[in-house]
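Since the model is a prediction, treat every value here as computed from it, not as a measurement. Keep in mind that the numbers below use all heavy atoms, side chains included, and drop hydrogens, waters and symmetry copies.
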Number of protein chains: 2
Amino acid sequence: MVPRRPSISDVAALAGVSLGTVSNVLNRPHVVAASTRSKVEAAISSLGFVRNETARQLSSGHNRAIGLVVLDIGNPFFTDVARGAQEVAQDRGAVVLMADSRADERTERANVELFTQQRVQGVLIAPSGGDTAWVADLRRAGTPFVVIDRVVSGVGEHCAVSVDDRTGGELAVAHLLQLGHRRIAFVGGPSTLAQVADRRVGAEAAVEREAGASLLALSTGALTVDEGRRAADTLAALGDGERPTAVFAANDLVALGVLQGCVRHGLRVPADLAIVGYDDIDFAAAAAVPLSSVRQPRQELGRTGTELLLAEIAAQRDGVEHVHRTERFTPELVARASTVGH
Amino acid sequence: MVPRRPSISDVAALAGVSLGTVSNVLNRPHVVAASTRSKVEAAISSLGFVRNETARQLSSGHNRAIGLVVLDIGNPFFTDVARGAQEVAQDRGAVVLMADSRADERTERANVELFTQQRVQGVLIAPSGGDTAWVADLRRAGTPFVVIDRVVSGVGEHCAVSVDDRTGGELAVAHLLQLGHRRIAFVGGPSTLAQVADRRVGAEAAVEREAGASLLALSTGALTVDEGRRAADTLAALGDGERPTAVFAANDLVALGVLQGCVRHGLRVPADLAIVGYDDIDFAAAAAVPLSSVRQPRQELGRTGTELLLAEIAAQRDGVEHVHRTERFTPELVARASTVGH
DNA sequence: TCATCCGGTTGAACCGCTTCAAAGTCGTCC
DNA sequence: GGACGACTTTGAAGCGGTTCAACCGGATGA
């Protein structure tokens, strides 16, 4: 059987002091006399004592962790957000626990529940956008939360860091229109993803302002490279006069997939089909044809989101009134060869 | 101030049953009479009770979590490994906590300590390869661990899932030699990273077998796209007769960076410089010039690693003798345009 | 000499849950 | 009618820490 791990009282016994003193050495070393402290420290290292964070948290009621729920950990956009979050959290002595909801609402809610059960200080969440039952869960549990890359409507106030996806969609399509494209396809889905819906709304708005321009919507089952490739198959199957001359993809993974599909089908990018992606992940610039994309401040989203969250947590702890804030960033179009040629 | 969250005893009081009964409803519903169970369930939902996992864990001594320490969360290779791990863990009712060590030994050890403090069931770790103090930490704490993508030497037996990096390096360079390249550069670093060291050893072995072939080692500060670009700058600065005709990059991120750098400097790939990467991340195939790469079974590494870990945990729990295993996968060369042209 | 003060140290009371021996409660069976 | 199981439910003892009022003994000041 597993030997029991040394506990604080084993340390106390070995050092010949009381339990409380050991705890003090661990948490408030300055109140302990130097000689006592060194005795305790010797005992700690001789036993290989490792503080039990679980017990510590239970008795103190404090938790150092914050939860981060991302839509898709395979998307570099989210790992960049995570990095930003980690950075800030580490500075403030907090720990980030990360969970991947794989754009699935049930998984998303399960992850939030997991975090609530762990009694994390707060939750940073990039929601899928459909079912927002988790908001009610968190509210009820009194867990502070900040929404990333989205503002959830109809659930009352909350903090958020977001990038204006509607504007981003407009930017992308306006860029294509300006290059003379009139038949444009929007590739992305499912439309329950708020990201997809908003970017599309922006795209439509831009198209409507231009006489003679049309937007063909190609829905995908997910925002992945594979789905992008599949969409390219669909596009390639269309007749030359019928096929859109440009694609606005809901994110860079899809855009890269479309690009790969085009290469396979012998469609030239951008001559036969121009492509704009979204997120401007690092790999976009390194693609077969460097990808034009709508840039979001990825790490900055994570950083700012964490700061808002920690502020809300602090306010709650101190019983201070907290005013919810929404930090909104403006996206920016980065034009590369996939639209403007070489 | 924050209102206290409902506890199990609040539920018990409201339902008019004892504490133990509520616990039974939560953990062994079948032993509770249906009528009692529904009373308790009603109380739970009316109070919005969420089980405190911290307390549960402390008193039961069981933890559902396993820790995963990755080298670089920005590298899609590791997110794929993480996905494989999540998959298996979820099937077995375990939860994966992920931490990024950013290839830094201090962060790596801090992450391991964090997990030990949390009393996770076990740790899955992709080590940086230099300092292995964390092995001693885990051994002492009695925490089972499995090493991913590496076998740590000189620390006694342990479970591992690995891909033979030496062979991978040989494969890559043998491929280049076979294509007629004789001046080859190895780009990667720091050499304290075991991945880097082993791949390089393999590369050297292959070169030594070929008369007249040479290997120029270009060390980078990290395995990132940026560092790859910088290496390309160095290569581009060399005279035409002096410059290697092929590059073997220690991973795909570096390879993509080298590729971008070549494009910028007007070097044609593969005509002027052939490139082989390592890992075969999804983005490799979508690169400017589709990247030849040494493929590792990414998700499979995560899956198998988690299975080994769970097996070891189970053995420890049941007091059964556990025999450490090393699951070794064989890498595979995927040749694409970056070496074999169009 | 005695009251105060103060840096150190102590130990008991939790934190919220699991566990499990013991105690009910019924329906059966001899 | 009493013993015996099968089912349920109970309640108290931890799990390993944190917290904090109380205590201790020596220094200080009056």
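Within the 4.0 angstrom heavy-atom criterion, only backbone atoms of the sugar-phosphate kind lie near Ser60(B); the bases stay farther away. Note on Gly61(A): nothing from the nucleic acid sits closer than 4.0 angstrom, heavy atoms only. Across all strands, Thr54(B) comes closer than 4.0 Å to no nucleic acid atom at all (heavy-atom distances). Within the nucleic acid shown, Val22(B) has no heavy atom closer than 4.0 Å to any nucleic acid atom.
At whole-Å resolution of the value, CG in Leu19(B) and C1' in dT8(D) are 16 Å apart. Counting to the nearest Å, the C1' atom of dG17(D) and the CZ atom of Arg56(B) are 20 Å from each other. Nucleotide dT9(D) holds its C1' atom 13 Å from the CZ atom of Arg28(B), rounded to whole Å. Regarding Gln57(A), its CD atom lies at a distance of 11 Å from the C1' atom of dG17(D), rounded to whole Å. Remark: P of dC15(D) and CZ of Arg51(A) are 20 Å apart, rounded to the nearest angstrom. The distance between atom CD1 of Ile8(A) and atom P of dT19(D), rounded to the nearest whole Å, is 11 Å.
At most 12 non-hydrogen atoms from other residues, nucleotides or ligands lie less than 6.0 angstrom from CZ of Arg325(A).
Running 5' to 3' along DNA chain C, contacts with non-hydrogen atoms of chain A at under 4.0 Å begin and end at dG8(C) to dG16(C).
Ser128(A) and Glu108(A) form a side-chain donor-acceptor contact under 3.5 Å, judged by distance and modelled atom types alone. No hydrogens or angles considered: nothing links the side chains of Thr304(A) and Glu327(A) as a donor-acceptor pair under 3.5 Å. Using modelled atom types, one finds a donor on one side chain and an acceptor on the other under 3.5 Å when comparing Asn63(A) with Gln57(A).
Helix-axis bend for the helix from dT1(C)-dA30(D) to dC30(C)-dG1(D): the local axis fitted to the five terminal pairs at one end deviates from that at the other end by 60°, rounded to 10°.
For the pair Asp72(B) and Arg83(A), the salt-bridge criterion is met [side-chain N within less than 4.0 Å of a carboxylate O]. A salt bridge does not link Glu53(B) to Arg119(A): none of the charged side-chain nitrogens sits closer than 4.0 Å to a carboxylate oxygen. The residues Arg109(B) and Asp137(B) are annotated as salt-bridged, a charged nitrogen and a carboxylate oxygen being separated by less than 4.0 angstrom.
Taken to the nearest 0.5 Å, the CE atom of Met98(B) stands 7.0 Å off from the CD atom of Gln86(B). Atom OG of Ser38(B) sits about 11.5 Å away from atom CD1 of Ile44(B), to the nearest 0.5 Å.
The ring-ring contact (aromatic ring centres under 6.0 Å, His included) check on His62(A) picks up nothing, with sequence neighbours excluded.
Residues in residues 8-20 of chain A take part in these salt bridge (charged side-chain N to carboxylate O under 4.0 Å, His left out) pairs, two or more places apart or across chains: Arg4(A)-Asp10(A). Applying the ring pair (Phe, Tyr, Trp, His ring centres under 6.0 Å) rule to pairs touching residues 102-147 of chain A yields Trp134(A)-Phe145(A), Phe145(A)-His158(A), sequence neighbours excluded.
In terms of phosphate contacts, Asn24(B) brings no side-chain nitrogen or oxygen within less than 4.0 Å of OP1 or OP2 of dT8(D). For dG16(D), the OP1/OP2 oxygens have no side-chain nitrogen or oxygen of Arg5(A) closer than 4.0 Å.
The stretch residues 40-49 of chain A does not touch DNA chain C, since none of its heavy atoms comes less than 4.0 Å from the strand.
Distance from the side chain of Ser59(B) is smallest for dG14(D) among the nucleotides dT18(D), dG14(D), dT9(D). Proximity note for Leu58(B) (side chain, C-beta onward) versus dG16(D), dT18(D), dG11(D): the nearest is dG16(D).
Residue whose closest nucleotide on DNA chain D sits further toward the 5' end, between Arg119(B) and His30(B): His30(B). For the pair Ala55(B) and Thr21(B), nearest-nucleotide mapping onto DNA chain D gives the more 5' position to Thr21(B).
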